[in-house]
Protein chains: 2
Amino acid sequence: MPNVPSPTVHTDLRAHHRKLTRPRQAVLAIITAATRHLTPAEVYRQAKVQYPHLGLTTVYRTLDLLVELGYIQRIHLEEGCHSYAPTARPHGHHLVCSECGRAEEFAECDLDTLVRALQTRTGYEIQVHVLELMGRCPTCQTKSRPLRARKK
Amino acid sequence: MPNVPSPTVHTDLRAHHRKLTRPRQAVLAIITAATRHLTPAEVYRQAKVQYPHLGLTTVYRTLDLLVELGYIQRIHLEEGCHSYAPTARPHGHHLVCSECGRAEEFAECDLDTLVRALQTRTGYEIQVHVLELMGRCPTCQTKSRPLRARKK
DNA sequence: TCCTAATTGAAAAACGTTTTCAATTACTAG
DNA sequence: CTAGTAATTGAAAACGTTTTTCAATTAGGA
Ligand SMILES: [Mn+2]
Ligand SMILES: [Mn+2]
Ligand SMILES: [Zn+2]
Ligand SMILES: [Zn+2]
């Protein structure tokens, strides 16, 4: 039986008195299978293939819900702001080229020492971290140097 | 002679064929003196005190310019997205409470090892890092627990 | 002082996101 | 297998933010 959403989601939803609807299944299918972060608009366009009647409003609402349930995470990027990615994988960060926008993903992030120290000092209960690196990719390094030349 | 912008800015601007105008001075005064991150709208409202004729469009343009010149940095927060803060201080990160929005600043971030490893592996020339932590502040911890209860 | 490129702000457009609301749907209780 | 009901939906409109356009103004070098 293909395309049946994982029983976990179904259970999680029931536990919160939420329904597993066709629109939600379509969004879920796209975002949990994504190999890279997707904007709400991208999720919308792709999920419509499976469920053409889908509304953008519902995409936003479903993405919010999935973040709450911990299935996906919200990502903040320099351009375009706000994408979503599955949380499944250990957990991802991005290294983005500030010139061409090309991005690499990486998973390693040794923040535990920092996080523990900060928790002690501030009393916060730290749950999430956002780490993004920016620089120039190898390709762009071979090109121009200076900080944004004027048009002249 | 009070309120004269630091000679550095003036020089930097000239070097890039840019002018030091009244509107820019007003924006510069606010954002470089800020003790916390400010949104463009906040900068606008505050800078208008000094230069009432200021336009919001100019605030956006000036903030972009100052980022390019390295005087301020763009900050990505969960709510409201996009604030700006002076780069002067060693360099700052934020620990934000996901419930009440209260924020702490912190400066320590041992990313050098990570950054060097990634540079080697990817060939990127890493210039900037964004690190934000989120969690529950001490106050909010004393309140409700669960992940967003339904209204009933 | 003059000249010109850079800059400005109002207005409008373009975005991304949220709210509203009447109609529809998924689950549950019977 | 029904109802009954709360949850959900999507179109439309409202929203707040950011960008574009363009004619008028201005800073700073010649
Ligand atoms: Mn963001
Ligand atoms: Mn952002
Ligand atoms: Zn690049
Ligand atoms: Zn709090």
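In the text below, chain A, chain B and the rest are named by the order of the sequence lines, each starting its count at 1. Heavy atoms only: backbone and side chains are in, while hydrogens, waters and symmetry mates are out.
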Between [atom2] of [N] and [atom1] of [X], the distance in whole Å:
{"X": "Arg24(A)", "N": "dT9(D)", "atom1": "CZ", "atom2": "C1'", "answer": "10 Å"}
{"X": "Leu54(A)", "N": "dA11(D)", "atom1": "CG", "atom2": "C1'", "answer": "13 Å"}
{"X": "His17(B)", "N": "dT7(C)", "atom1": "NE2", "atom2": "P", "answer": "11 Å"}
{"X": "Leu65(B)", "N": "dA6(C)", "atom1": "CG", "atom2": "P", "answer": "13 Å"}
{"X": "Gln25(B)", "N": "dT7(C)", "atom1": "CD", "atom2": "P", "answer": "13 Å"}

| message | Counting primed atoms plus P, OP1 and OP2 as sugar-phosphate and everything else as base, spell out the protein contacts along nucleotides 14-22 of chain D at 4.0 Å heavy-atom distance: B, S or - for each nucleotide, 5' to 3'. | response | ---SBBBB-
| query | Sub-3.5 Å donor-acceptor pair from the side chain of Gln141(B) to the main-chain atoms of Gly123(A), do we have one? | reply |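 Looks like yes, one N/O pair under 3.5 Å.
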| task | Without swapping roles, check the side chain of Gln73(A) against the backbone of Tyr84(A) for a donor-acceptor pair under 3.5 Å. | result | no
Minimum heavy-atom distance [X]-[Y], with the two atoms named:
{"X": "His129(A)", "Y": "Leu133(B)", "value": "CB-CD2, 3.2 Å"}
{"X": "Pro86(A)", "Y": "Ala34(A)", "value": "CG-O, 3.6 Å"}
{"X": "Leu69(A)", "Y": "His16(A)", "value": "CD2-CD2, 3.8 Å"}

| query | Does Lys19(A) have any side-chain hydrogen bond (donor to acceptor under 3.5 Å, both in side chains) partners at least two apart in sequence or in another chain, and if so, which? | reply |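 Scan of Lys19(A) (side-chain hydrogen bond (donor to acceptor under 3.5 Å, both in side chains), adjacent residues dropped) gives none.
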| Cluster check Val67(A), Leu63(A): I/L/V/M/F/W/Y, side chain < 4.5 angstrom | yes
| Side chain of Arg22(A) - closest among dT9(D), dA26(C), dA10(C) |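 Closest nucleotide to the Arg22(A) side chain: dA26(C).
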Please output the side-chain donor-acceptor pairs of residues 55-62 of chain A that fall under 3.5 Å, not counting sequence neighbours, one pair per line with the distance.
unit_1, atom_1, unit_2, atom_2, d
Thr62(A), OG1, Thr58(A), O, 2.8

| task | For Glu42(A), enumerate each residue passing the side chain to side chain contact (heavy atoms under 4.5 Å, CB included) test, keeping only those at least two apart in sequence or located in another chain. | result |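 Partners of Glu42(A) under the side chain to side chain contact (heavy atoms under 4.5 Å, CB included) test: Arg36(A), Leu38(A), Thr39(A), Arg45(A).
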Between the protein and nucleotides 27-30 of chain C, list the N/O to N/O atom pairs that are separated by less than 3.5 angstrom.
unit_1, atom_1, unit_2, atom_2, d
dC27(C), OP1, Leu20(A), N, 3.1

| query | So among Asp12(B), Thr32(B), Thr8(B), which one has a side chain to side chain donor-acceptor pair (under 3.5 Å) with Tyr71(B)? | reply |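 Of the listed options, the one satisfying the test is Asp12(B).
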| task | Compute the angle between the rotation axes at the two ends of the helix from dT1(C)-dA30(D) to dG30(C)-dC1(D), each taken over five pairs, rounded to 10 degrees. | result |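 The two end axes of the helix from dT1(C)-dA30(D) to dG30(C)-dC1(D) meet at 40°.
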| Student check: side-chain heavy atoms of Leu54(B) and Tyr44(B) closer than 4.5 Å | yes
| said: Classify Tyr51(B) by what it touches in the nucleic acid, base, sugar-phosphate, or nothing, heavy-atom distance under 4.0 Å. | reply: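 Result for Tyr51(B) = sugar-phosphate.
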